[in-house]
Amino acid sequence: MKKISGNKLLVKALKEEGVDTLFGYPGACTIDISDELYKQDFTKVILPRQEVALVHEADAYARSTGKVGVCLVTSGPGATNLVTGLATAYYDSVPLVCFTGQVSRHLIGNDAFQEVDIVGITRSITKYGVTVRNREDLGRILKEAFYIARTGRPGPVLIDLPKDVMGELGSAEYPETVNIRGYKPNTSVHIGQLKRAIKMLGRAKKPLFLAGGGVIISRANEVFTKLVEKTNIPVVTTVMGRGAIPTNHPLYIGNLGMHGAYACNMAVSDCDLLFSIGTRFNDRITGKLHSFAPNAQIVHIDIDTAAISKNVQVDIPIVADAKDAIEKMLEYVEPNETSKWLEQIESWKEEHPLKMKEKPIMTPQDIIETINRMFDEAIIVTDVGQHQMFTAQFAEITQKKRLLMSGGLGTMGYGLPGAIGAKIGNPDVPVISISGDGGMQMTIQELGTIMLEKLEAVSSRYEELCAKSEQPDFYADPQKAAKLLREKNDLEPIVAAYTAYNRAQQEMDDAEELMSDPEMKELCQQTYSDAKAEKERLYRELQILLLPKDPNDDKSVIVEIRGGVGGEESALFAHSLFRMYSMYAARKGWTVELLNYNETEL
């Protein structure tokens, strides 16, 4: 049988597993893998600016598509830069397979250059981690990695690849099946337990569904909504479970816990049955455990056996995938009489509605409600902080609008790279990134990735108004906090720096297109030569935008020239470019107008 290198087998495995996108940052110990990746065209390689952001991009790609996110980084600092992202994915049950380069086997343990025990470092924040010691084990380990990442409770897997193992020749066979003796995830629903829970549900006078992130992960939103409507039982969600049912549904109350609504917390305190699906009952929703749902019997459905009765003792445990369990429930449940219970909940909503005080200035609620009105379909990605909680409270999440965030770990810096990963995975869906001042700066270098990949995203940055709202509870000295907040950063010049060259390059591409027309070539030759010679200077000084005059007419164009500081030469250059666009448009039968040409600025 033909033998191939470990590098070639890895690339073959990616294709077999259907990996169409890989987030990678090259280095010495993975350079041969990179060479093999660039010889194929099935898997697209995304090159972020740094590994910390790279893993968040793979994370959001996985959350938004349902696929496994795949990372490739080099040894040492490249590998350790993944740690926070791995923990983020582990807490939020995101399927990732991360490949890390490693020094050759004879150097492991000798404090070699860029050698770290990354498997040991990440053991508590990955589902599985292993260093490949033998070339003949590589195919099996790769197959197991993808299987473990996506089955059971999803999570990150780390595979450490020594450079000499990957260069060694071995079998080209990639396994078709997996048989791991110590890992047999549950794939069925215990009908006896489920029927007990349904019987308890039917007897309850004040039943309440609690939906967590597990409903989202299992893609059970639609069947869960059917269950809620069939039983007529109200719903509260965790922050990670928001969107399990459309937030504008009449049976949806809101989020519970410390960042939740009054009516939600009152409903949990007063219900006689809490039917929980896909949540681990963490401290953000329970508060003091002895006072959580004091009057309720508790049913808990979760894919992870270890999560059941870990924090809150439950009456009926059911180990199952959320979607499988809900589909089975739909076969047996009957409508509940909950009219009085719903009236009580409605009175709590009216007594303490979830809204911000009206102010003469714009509030976070105003911003988010504007987003709600503007977008019928979107993926909203938040960073971590007060803006995240405002979004979780006020954002309208429906079947076409989804919410992504770092919930369990609360990782600042997730927002911008998360939006990039979501956009790469969903190129036809609008992506909105909502970040605070601090989180934005933690991964702001990813603006370069946006430019490189030519992505379109809407970014909203919250500053003082969010942080001030935290002062009474979280700042010991509010006056000192206010001083720190006043010393905020102006990020616009940074954004401009990342976008300037990209804009210049786009305009050069437009000029290249003009020159491909033989009839225009002679006419535009001098202007084109000037553009090429002067682009580094003049394109930073001018913005020349092609805007549709009428959204329904792609042949009606407005050319907008925004001034810089280039003086007369720049003005002449702007006129030349406008003439080029005008002449080209005339030959194509387009109508062109010049808008906002300001000679004083030029």
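Computed from a predicted model, the values in this text were never measured in an experiment.
- When the shell of 6.0 Å around CZ of Phe292 is examined, it contains more than 12 heavy atoms from other residues, nucleotides or ligands.
- Across all their heavy atoms, Asp315 and Arg196 have their closest contact at O-NH2, 4.3 Å.
- Leu14 approaches Phe99 most closely through the heavy-atom pair CD2-CE1, 4.1 Å.
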Ile380 and Phe375: side-chain contact (heavy atoms from CB on, under 4.5 Å), yes or no, with the steps?
CA-CA 10 Å; Ile380 301 173; Phe375 294 90; over 6 Å; no
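- Heavy-atom minimum distance, Pro95 versus Arg150: CB-CA, 4.2 Å.
- Here side-chain hydrogen bond (donor to acceptor under 3.5 Å, both in side chains) pairs that include residues 330-344, with residues two or more places apart or in two chains, are Asn232-Thr338, Glu337-Ser339, Gln344-Ser347.
- The side-chain heavy atoms of Leu82 and Ile118, taken from C-beta on, include no pair separated by under 4.5 Å.
- Distance CG/Leu10 to CG/Leu138: 7.0 Å, rounded to 0.5 Å.
- Ala395 and Thr247 get closest at one heavy-atom pair: O-OG1, 4.0 Å.
- Judged by distance alone, the side chain of Asn426 and the main-chain N or O of Val429 form no donor-acceptor pair under 3.5 Å.
- At a cut-off of 3.5 Å, with distance as the only test, no side-chain donor of Thr238 or Thr279 sits close to an acceptor on the other residue.
- Looking at Asn311, its side chain does come within 3.5 Å of a backbone N or O of Arg280 through a donor-acceptor pair.
- Counting non-hydrogen atoms of other residues, nucleotides and ligands closer than 6.0 Å to NZ of Lys230 gives a total above 12.
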Could you list the donor-acceptor pairs under 3.5 angstrom formed by side chains in residues 140-148, with sequence neighbours left out?
unit_1: Arg140; atom_1: NH1; unit_2: Glu144; atom_2: OE1; d: 3.2
unit_1: Arg140; atom_1: NH1; unit_2: Glu144; atom_2: OE2; d: 3.3
unit_1: Lys143; atom_1: NZ; unit_2: Glu17; atom_2: OE2; d: 3.3

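- Residues that satisfy the side-chain hydrogen bond (donor to acceptor under 3.5 Å, both in side chains) test with Tyr252, not counting sequence neighbours, are Thr237, Arg242, Asn255.
- With a 6.0 Å radius and a threshold of 12 heavy atoms from other residues, nucleotides or ligands, Lys310 has its NZ atom at or below the threshold.
- Applying the side-chain hydrogen bond (donor to acceptor under 3.5 Å, both in side chains) test to Tyr183 and every residue at least two apart in sequence or in another chain returns Lys127, Thr151.
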Residues Ile216, Asn221; criterion side-chain contact (heavy atoms from CB on, under 4.5 Å); working and verdict:
CA-CA 6 Å; Ile216 308 292; Asn221 312 54; 3.5 Å; yes
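- Partners of Phe224 according to the ring-ring contact (aromatic ring centres under 6.0 Å, His included) rule, which considers only residues two or more places apart in sequence or in another chain, are Phe209.
- Lys349 contributes no side-chain N or O that, together with a main-chain N or O of Pro353, makes up a donor-acceptor pair within less than 3.5 Å.
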Taking it one step at a time, do Leu354 and Phe394 satisfy side-chain contact (heavy atoms from CB on, under 4.5 Å)?
CA-CA 9 Å; Leu354 182 63; Phe394 299 119; 4.0 Å; yes
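- In plain terms, the two heavy atoms of Cys264 and Ile253 that are nearest each other are SG-CG2, 3.5 Å.
- Looking only at distances, a side-chain donor or acceptor of Gln388 sits under 3.5 Å from a matching main-chain atom of Ser406.
- Put simply, CD1 on Ile301 and CZ on Phe275 are 4.0 Å apart, with the number rounded to the nearest 0.5 Å.
- If you take CG on Leu330 and NZ on Lys328, they are separated by 11.5 Å, rounding to the nearest 0.5 Å.
- Separating the CZ atom in Arg203 from the CD atom in Gln297 is a distance of 7.0 Å, to the nearest 0.5 Å.
- When atom types are taken as modelled, the side chain of Gln393 and the backbone of His259 share a donor-acceptor pair closer than 3.5 angstrom.
- From Glu453, atom CD reaches atom CD of Glu57 across 9.0 Å, with rounding to the nearest 0.5 Å.
- Judged as a salt bridge (charged side-chain N to carboxylate O under 4.0 Å, His left out), the pairs with a partner in residues 400-411 (not counting sequence neighbours) are, in order, Glu396-Lys401.
- Scored by the ring-ring contact (aromatic ring centres under 6.0 Å, His included) test, His190 finds no partners at all (sequence neighbours excluded).
- In terms of the side-chain hydrogen bond (donor to acceptor under 3.5 Å, both in side chains) criterion, residue partners of Lys206 (sequence neighbours excluded) are, by chain and number, Asp270.
- Among residue pairs with one or both ends in residues 363-379, none qualify as salt bridge (charged side-chain N to carboxylate O under 4.0 Å, His left out); sequence neighbours excluded.
- Residue pairs meeting the salt bridge (charged side-chain N to carboxylate O under 4.0 Å, His left out) criterion with at least one partner in residues 59-68, sequence neighbours excluded, are Asp20-Lys67, Asp59-Arg63, Arg63-Asp92.
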Does Thr382 form a side chain to side chain donor-acceptor pair (under 3.5 Å) with Thr391? I'd like the steps, not just the answer.
CA-CA 8 Å; Thr382 77; Thr391 306; 5.8 Å; no
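- Counted within 6.0 Å of OH on Tyr128, heavy atoms from surrounding residues, nucleotides or ligands total more than 12; the atom is thus considered enclosed.
- The backbone N or O of Leu289 lies less than 3.5 Å from no partner atom in the side chain of Thr286, so there is not a single donor-acceptor pair.
- No more than 12 heavy atoms of other residues, nucleotides or ligands lie within 6.0 Å of CD in Glu176, so this atom counts as exposed by the packing criterion.
- For the atom pair CD1 (Ile326) and CG (Leu227), the distance works out to 6.5 Å, reported to the nearest 0.5 Å.
- The salt bridge (charged side-chain N to carboxylate O under 4.0 Å, His left out) contacts involving residues 243-264 comprise nothing, where partners must be two or more places apart or lie in separate chains.
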Any chance you could lay out the side-chain contact (heavy atoms from CB on, under 4.5 Å) test for Asn179 and Lys184, step after step, and finish with the verdict?
CA-CA 9 Å; Asn179 183 19; Lys184 303 292 181 184; 2.7 Å; yes
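- A donor-acceptor pair is defined here as one N or O able to donate and one able to accept, closer than 3.5 Å; such a pair exists between the side chain of Asp272 and the backbone of Lys205.
- Distance alone, capped at 3.5 Å, places no donor-acceptor pair between the Gln193 side chain and the Ile316 backbone.
- For Asp302, there are no side-chain hydrogen bond (donor to acceptor under 3.5 Å, both in side chains) partners, not counting sequence neighbours.
- Across Ala62 and Arg219, no two heavy atoms sit closer than the pair O-NH2, 4.3 Å.
- Thr100 pairs in a side-chain hydrogen bond (donor to acceptor under 3.5 Å, both in side chains) with only one of the listed residues (Thr80, Asp160, Thr122, Thr131), which is Asp160.
- Checking side-chain atoms of Asn186 against main-chain N and O of Ile303 turns up no donor-acceptor pair under 3.5 Å.
- Other residues, nucleotides and ligands contribute over 12 non-hydrogen atoms within 6.0 Å of the CD atom of Gln40.
- Panel note: side chain Thr43, backbone Val19; a donor-acceptor pair is recorded below 3.5 Å.
- Annotation: side chain of Gln399 is not in contact with side chain of Pro246 (no heavy-atom distance under 4.5 Å).
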